[in-house]
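Step one of this worksheet: look at the structure below.
Just so it is clear: chains get the letters A, B, ... in the order the sequence lines come, proteins before strands, and each one is counted from 1.
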Amino acid sequence: MAEEEEGLGSALIAELYRPPALLPIAQLKDALLYAIETFPVTVIVGETGSGKTTQIPQFLYKAGWTNDGSQIAVTQPRRIAATSVSARVAEELGCQLGQEVGYSIRFEDVTSDKTKIKFLTDGLLLREMLVDPLLKRYSVIMVDEAHERSLSSDILLSLLKKVLRARSDLRVVISSATLDAEKFLEFFAPDEDQNVGGKFKADYGTIVSIEGRTHSVDIFYLPSPINNYVEKAVDTAMSIHTSEADGDILIFATGREEIDDIIDMIADRIVDLGPDAKRLQPLPLYAGLPTEQQMYVFQKADEGTRKLIVSTNIAEASVTIDGIIYVIDTGYVKLRAYDPALGIERLNVVPVSKASATQRAGRAGRTRPGKCYRLYTESAFDRLEDATFPEIQRSNLAPVVLQLMNLGIQNIVRFDFLDSPPSKLVVRALDLLFSLGAVDAYGRLTKPLGTRMAELPLEPMLARAVLNAQSFNCLSEMLTIAAMMTLQGNAFVAHDGNQKLVDRARRKFAVKEGDHITLYNVYQSFTNSAVGKQSSQWCRDNNLNYKAMLKAVSVRKQLRNYLDRMGIQENTLAGSDAIRVGGMEMAERVQRCLTTGFFAQAARMKTDGSFVPVGGDTVMWAHPSSLFFHRKVDWVIYHEIQETKGKIYIRDLTSVEMDWLTEYAPEYYKVKQR
DNA sequence: GAGCACTGC
């Protein structure tokens, strides 16, 4: 396992560790088992630290829920949680991980025929439903952290509702940290029960509440609203540092730039404190930070030094840091929104929800009683949304729709969602899938193209291009490019914050055709036994993210296996072709092949360097990480479009010929011209 | 001209 995950994992295990007998959940054991025995659906409400994730599966196991040879599944929204929690439970049961207790995540299946309790990501359980739609191997399925309302856990709950209709023996346990419990339970009401109106006849399920074991956290609000929460966060941190007892500080900010600003301002203020003052060590934390730098936040500060961690939302649920006593909540978060009319993703800074604010405050009370300073007024808090908008209502739904169709859901519009996505999102998704040939004019999944696209763990446009690659004799190249695309711009990394070095490193691999083939060259060099040798040192020397590169190797291998099973062979010509891919022939094949997937994302550069889409007037700019940030080009296809601070950026560009667009997507462009 | 919140298959 890579360093980062080990580090984060052990932090998580530390959080979970508490002698099991002392957990409040132990007292509720009988009530819990009774509920699960009696009702198809049990919703468990319990704060972090209540032990529900580690204890409930053990109760069920010991109560005989796996005696008939079936398994207990516990789903997690994150890989790291699945691995670390399973290790903890294996230890408590005194067995080796992978025996009675195991986990299964993408690329790693640590289970055996002896496995009774299996932790897995919710996305992977969805994949299992393709093979086993009724999930027959499980007697109990526990969906943990359902309150996070992730895309895959939402869909999983919808599908479990369907499965329950066919399987009266199945038990579903939903665990939530917030007050959504009733909503979850009511969702599982059989249709006839919903007609009873106000009368609530819940013989299909029940709610069990578990006391948390976190310490109390005093909440402080501002007396009046402020304009600049960045400055206020700095002021608050400094006053905590100079007047409050020992204990580390955690500031929640919205993004990298803001975090850097806060850290710079804090650094200035530290100088003013004078040489005799207690020391303060500001540390940034966000997902894009190189692993080594992320690890600093977990290390104990020197004696007499107070850590001040300035973090994105990553510290809200994904990462747990010990020793935080003070939390400063700016009250904002950066969230994705999807504009179905333009097909653009936006990252907006928006107020947090009450659930989020509560979760943030709780980060101060893990070791001992703490304090949380909310940089907004109490009435502002009262006006916050109860919970963050579910992901399914603010995402590009093309991958979701494709996956649901492949699971046999014919009518997406009538699908029983916990919260239905806006119909515009569904329509947009269907339009795109139709233009890609995954869905026919009757709204049915096509065979084999549509089903194959759904099977590949790639977004639809990329899946389409990969499935076309064999006919362009560039499957080998496209597999590599697809694998590199899943890194989402994280192939290069600034090891010491020096962005100039990154740009220089990128130029070493650059080819005139654009970013995709540039990334292909990166992969080729990394895996070449005479060049990168898959070594971490080589990555460091070339400003590449070693962990990300290893992931690309895994993804490529997995994609390769999928295509093997589909009977699509890697072109022998491609594998042995000695032509440098930046040269004419191969490059053009790749460019054409990419066009067959990304024709709907084509644009042309104007003289001022901006881009406009076909038949549109949206002004777009090449992202600074693109080869075409500096260079001139005519037509391009792009992989991603995103609005940041009012400016629309396109990322991962490859130059194409205008004729190819009409050649490979005649229908699409005929409609466009009307 | 100047920059990805966070996950997952």
Next item on the list: Step through the shown structure and confirm whether more than 12 heavy atoms of other residues, nucleotides or ligands are within 6.0 Å of CZ on A:Phe417.
Entry: yes
Notebook entry, point to check: Does CZ in A:Arg256 sit with more than 12 non-hydrogen atoms of other residues, nucleotides or ligands closer than 6.0 Å?
Noted result: no
Could you check whether [X] gets within reach of a base, just the sugar-phosphate, or nothing at all, counting any heavy atom under 4.0 Å?
X        : answer
A:Arg256 : sugar-phosphate
A:Leu124 : sugar-phosphate
A:Gln488 : base
A:Gln499 : base
A:Ser150 : nothing

Measuring to OP1 and OP2 of [N], would you say a side-chain N or O of [X] lies under 4.0 angstrom away?
X        : N     : value
A:Lys334 : B:dC4 : no
A:Ser318 : B:dC6 : no
A:Arg79  : B:dC9 : yes
A:Thr121 : B:dG8 : no
A:Ser610 : B:dG1 : no
A:His623 : B:dC4 : yes

With respect to the side chain of [X], which nucleotide from [options] is positioned closest?
X        : options             : result
A:Glu640 : B:dC6, B:dC4, B:dA2 : B:dC4
A:Arg127 : B:dC9, B:dA5, B:dG3 : B:dC9
A:Asp503 : B:dC4, B:dG3, B:dT7 : B:dG3
A:Lys645 : B:dG3, B:dA2, B:dC9 : B:dG3
A:Lys647 : B:dG1, B:dG3, B:dC6 : B:dG1

Next item on the list: Indicate whether A:Trp621 forms a stack on B:dG1; treat it as stacked only if centroid distance is below 5.5 angstrom and interplanar angle below 30 degrees.
Entry: no
Item checked: No-H, no-angle donor-acceptor pair, A:Arg78 side chain to B:dC6 base, under 3.5 Å -> no
In whole angstrom, what separates [X]'s [atom1] from [N]'s [atom2]?
X        : N     : atom1 : atom2 : answer
A:Asn543 : B:dG3 : CG    : C1'   : 16 Å
A:Ile641 : B:dC4 : CD1   : P     : 13 Å
A:Tyr286 : B:dT7 : OH    : C1'   : 19 Å
A:Gln359 : B:dT7 : CD    : C1'   : 15 Å
A:Leu335 : B:dC4 : CG    : P     : 16 Å
A:Phe611 : B:dG1 : CZ    : C1'   : 12 Å
A:Arg394 : B:dT7 : CZ    : P     : 14 Å
A:Tyr562 : B:dC9 : OH    : P     : 10 Å

Next item on the list: Between A:Pro457 and A:Gly288, name the one whose nearest nucleotide on DNA chain B is closer to the 5' end.
Entry: A:Gly288
Checklist line | Residue closer to the 5' end of DNA chain B, A:Asp122 versus A:His630 (nearest nucleotide) | finding: A:His630
Lys/Arg-Asp/Glu bridge criterion (N-O < 4.0 Å) met for [X], [Y]:
X        : Y        : result
A:Arg565 : A:Glu455 : no
A:Asp515 : A:Arg651 : no
A:Arg464 : A:Glu459 : no
A:Asp503 : A:Arg506 : yes

Check: Going from CG on A:Asp180 to CD on A:Glu148, what distance comes out if it is rounded to the nearest 0.5 angstrom?
Finding: 11.5 Å
